[in-house]
Q: 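This structure is in structure tokens; I'll ask about it shortly.
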Protein chains: 2
Amino acid sequence: MDAKANGPTTNAGRVMHGPTNPMVTPLLTDLYQFTMAYAYWKAGKHTDRAVFDLYFRKNPFGGEFTVFAGLEECIKLIANFKLSQEEISFICESLPGSCEEGFVNYLRNIDCSDVEVYAISEGTVVFPKVPLLRVEGPVAVVQLLETPVLNLVNFASLVATNAARHRLVAGNSKMLLEFGLRRAQGPDGAISASKYCYIGGFDATSNVAAGRLFGIPLRGTHSHAFVSSFMSPDEILERSLRSSDGLSTCEDFVNLVQSWLSKIQWSNSLSGIFGETNQSELAAFMSYALAFPNNFLALVDTYDVMRSGVPNFCAVALALNDLGYKAVGIRLDSGDLAYLSGEARKIFHTIEKEFGLPGFGKTSITASNDLNEETLDALNKQGHEVDCYGIGTYLVTCYAQAALGCVFKLVEINNQPRIKLSEDVSKVSIPCKKRCYRLYGREGYSLVDILTGESEPCPKVGERILCRHPFNESKRAYVVPQCVEELLKCYWPGKSGKVREALPALKDIRDHCIKQLEQMRPDHIRRLNPTPYKVSVSAKLYDFIHFLWLNEAPVGELQ
Amino acid sequence: MDAKANGPTTNAGRVMHGPTNPMVTPLLTDLYQFTMAYAYWKAGKHTDRAVFDLYFRKNPFGGEFTVFAGLEECIKLIANFKLSQEEISFICESLPGSCEEGFVNYLRNIDCSDVEVYAISEGTVVFPKVPLLRVEGPVAVVQLLETPVLNLVNFASLVATNAARHRLVAGNSKMLLEFGLRRAQGPDGAISASKYCYIGGFDATSNVAAGRLFGIPLRGTHSHAFVSSFMSPDEILERSLRSSDGLSTCEDFVNLVQSWLSKIQWSNSLSGIFGETNQSELAAFMSYALAFPNNFLALVDTYDVMRSGVPNFCAVALALNDLGYKAVGIRLDSGDLAYLSGEARKIFHTIEKEFGLPGFGKTSITASNDLNEETLDALNKQGHEVDCYGIGTYLVTCYAQAALGCVFKLVEINNQPRIKLSEDVSKVSIPCKKRCYRLYGREGYSLVDILTGESEPCPKVGERILCRHPFNESKRAYVVPQCVEELLKCYWPGKSGKVREALPALKDIRDHCIKQLEQMRPDHIRRLNPTPYKVSVSAKLYDFIHFLWLNEAPVGELQ
């Protein structure tokens, strides 16, 4: 099921594989894209040269930034965009009414060789109204692309943003694991969440398929069921464990653990803290340690964290230590994580001192119970001893806001600018084929994004430029950029002969995203009352928008 | 990309194809399922016979029912569950520490031939705590199934339930279209939403891929971009239209429409309502009608619904009528849908009368602007003239609650019942391999579900049976069922030799779901303050749960 199994097509001498999910085909679109294609074709308009912008109108999660993701999958779709004969037959059956043979021939020859795609680099921090993709080509073909491209960008950007927000609140020192597979919205809701959470700053995933497809580091140990599947240590038949250096063998690891357990239960500093521990849990921990002596990480809350899980873990860890192994840590999956992590940390420190295990106090504590941005924030405020978070449901389903509203709007056709009006100003589109720039200030932070007409000169470093709000006459400011970055780059040149921007490796996209967030002024990305980042238009584009607006708006009476 | 391209495997002489999404493989699981498999294998416990229940704890969307879906995909996964050599190599590289050759051999031979799956029929209305699937088999294999099976059931059931809730509030007379592809959580978030919304009672989808994969009816006409891509009727070069009966040809359809437009603008009853209409919109409507004279449905809100969209639509519809065609209707995608649908309906009635078009007053009105349960309910309360709803974002992403919390819990191992305790009573699992029955009362409504031990006798029609709340001693009632339905059926017999329940066609699952909802007492499924449906256990199972509970609970001091 490797994506590489898809037939590659060539463009400009390069080979590009299809989208990760083989279900992403030209049929992954709305029927109306095909009915429109037919109507365009009937009207002889199908090759009209159209420019569409893909953008969103509002940042998700009550924040003021978004991480753009999904570009690579879009380009892979576009590179392989070709209808099979079987698909064409299905389309023709699905159109209301009969469809002419000429149209069937037309469908047979459709591809994206005449389409140009400009896009912002994947992993870039982006803002409302700025085109993330600008797609230019024959109107019928570009419309067919609308739905799959929106599908591939919307969730990708949403979940990458969600991951970045979790990273910001957790801080850079914590390990973040994505554990969402079982609760995600379907198989590739999960697989794409793993991919885009990694881009947004997560360190690893539990999802084996995603690990294999994208090379994302994998993490995972054992579940509650593993613990309850054991009845008692008597079940463990193979009890020998070779020491880490391979020089000796402990013939009865079970016995070694049990002797440690009674030592810690009766030690001076721990006496009274530990009670009688659960034997099925102890058996499970011993078995897991026998299987993975170098990677012993135990889920300690199946019965009772402080009375059973932590002492059982410590006994096994001490026995492993005798054989030269270092236990990795514990995982808490229920209860008061701030309190329990603090109590567990105290025990680890006590054991470090009492039994002379250097570093045992720093044993890793992972927390993983229905975590989200709010609970991470609350943990920070309470104080805690968690080193690593496993985050699932809220992260991968974007529970706080399950959809991003990217749209795909016609901005020009046959060199005629088009505007979509609406009674709601936030829904008015910005017409024209545009260029987009990010202007940076003296401190290295980005100041403002500015959209200009395609033929306008590029803003220049050190030169004053007027940045206007696209729809609000009174909002404007002069900016003198210290650095100017052109945001839209050519990722699919079609047959234009332009150089195609390479698709970076996943790790590089992740690094880019992390660096981008560092370049944002902190008040734009903070959780509480973030400052909106400004997106502006040039004076010339402003005037043109309002000229078109007046021309298109219906003249009627006030009601 | 047809699912049928997957290699079929046989079971009991039958052939079964793989899951719809080829990315659903045994690797679509959490890494810890493989680390546990290794630990089980090292401990010689991997073939221990385990029974797991898949269930949820709380109905979604603040309701008191859930539609169970996703079973077919689970069974297809199970039927084809086999690791490739390449997958095995990847797993072994991913395990922390080296993995023994014996385990590699074990992985090579893993399949589900020794697994038995009992499940509730797909499309059944289900309730918290009742096992939707009961999976029995070698503990290591069943654990590998945990994650993909949860993934396949969680979203499927959530979105089917969401669709059913939309159907309940819309009423049976309305047409419901799923339009969510562009906003869904990734490609198969969309494709599976289309499938499961259909099961939950939707009539059609816009998603061409889903239409092709599952045979779901497809719907769609045109977008705002189609309208704005036209400049004026002058663009239309091919203007002739053959009449519906094929006997005559209108040489200038554009002219015919324009003459109708001035007639209605100056008609006695409509004068003053219609102003000057937008010419690019008019051109788009004429082009669409020329392409699909039998299926003319126009999006009327690109410029102004009442001043431009509706009069343009009526003019085209009247021209089509001259040629023997009947226009289908309009779509509203913004504004006050209750008001606009009412105003449009009035115009349609006026035109029916004024120009003698029988039935024109009933022209279909579709609404499609960010609809959800609440907006449908609000429309009902305000009164409206909408015949058909196109619903996207809120439906397919389950925006109101983006995840269902199905869990998969060990209830028995080697014939030893297991219970998972928790300080939160709602999280305590019901132990034992169980049978589940639905008891029906005199009026044909279902009264209560009851879980019993596997060897207990089946409840009998007309015989009094004590139904107890599993955890609350005081909640119990005698029930005399008029009909008893066993809920769990054998969908995967493994090598047990039992008869395998056939997987029904999608349409039959949908019919089953609709019938199921009709059999529910209305107060259980109403939107406002629904009555919880009762799920009980037999007296014997109740006693056993509490015996185990006392045995397992840690004995400690109150803090």
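First the proteins, then the strands, lettered A, B, ... as listed; each starts at 1.
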Q: With a 4.5 angstrom heavy-atom cut-off, could you sort out which part of B:F34 is near chain A: side chain, backbone, both or neither?
A: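 Just its side chain gets close to chain A.
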Q: So how far is it from A:R183 CZ to B:L158 CG, rounded to the nearest 0.5 Å?
A: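 These two atoms lie 11.5 Å from each other.
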Q: Does any backbone or side-chain atom of A:S94 lie under 4.5 Å from a heavy atom of chain B? Answer side chain, backbone, both or neither.
A: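 Only the side chain of A:S94 comes within 4.5 Å of chain B.
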Q: For B:L237, is it the side chain, the backbone, both or neither that has a heavy atom under 4.5 Å from a heavy atom of chain A?
A: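 Neither; nothing under 4.5 Å.
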Q: Side chain, backbone, both or neither: which part of B:A225 has a non-hydrogen atom closer than 4.5 Å to chain A?
A: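 Both backbone and side chain.
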Q: At a heavy-atom separation under 4.5 Å, does B:D188 approach chain A through its side chain, its backbone, both, or neither?
A: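 Contact with chain A is through both the backbone and side chain of B:D188.
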Q: Between B:Q185 and A:T397, is there a donor-acceptor pair closer than 3.5 Å when you use the side chain of the first and the backbone of the second?
A: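 It does hold such a pair.
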Q: Identify which of B:S84, B:C406, B:G44 forms the greatest number of heavy-atom pairs closer than 4.5 Å to chain A.
A: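 Greatest number of close heavy-atom pairs with chain A: B:C406.
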Q: Between B:Y38 and A:F292, does the ring centroid distance fall short of 6.0 Å?
A: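 That pair passes the under 6.0 Å test.
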Q: Backbone N or O of B:A184 within a donor-acceptor pair of the A:N154 side chain at under 3.5 Å?
A: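 It does not hold such a pair.
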Q: First locate atom CD of A:Q416, then atom OG of B:S229, and finally report the distance between them rounded to the nearest 0.5 Å.
A: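 If we round to the nearest 0.5 Å, A:Q416:CD and B:S229:OG are 12.5 Å apart.
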Q: Of the backbone (N, CA, C, O) and the side chain (C-beta and beyond), which part of B:Q33 lies under 4.5 Å from a heavy atom of chain A, both, or neither?
A: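 Only the side chain of B:Q33 comes within 4.5 Å of chain A.
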Q: Check whether B:V396 gets within reach of chain A through its side chain, its backbone, both or neither, counting any heavy atom under 4.5 Å.
A: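 It is the backbone, since no side chain atom gets that close.
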Q: Could you tell me the separation between the CZ atom of A:R418 and the CZ atom of B:F230, rounded to the nearest 0.5 Å?
A: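 A:R418 CZ to B:F230 CZ: 11.0 Å, rounded to 0.5 Å.
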Q: How far apart are the C-alpha atoms of B:K42 and A:S287, what are their side-chain angles, what is the distance that settles it, and do they pass the side-chain contact (heavy atoms from CB on, under 4.5 Å) test?
A: CA-CA 8 Å; B:K42 280 283 285 181; A:S287 290; over 6 Å; no
Q: At a 4.5 Å cut-off on heavy atoms, which part of B:F90 comes close to chain A: side chain, backbone, both, or neither?
A: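 Only the side chain of B:F90 comes within 4.5 Å of chain A.
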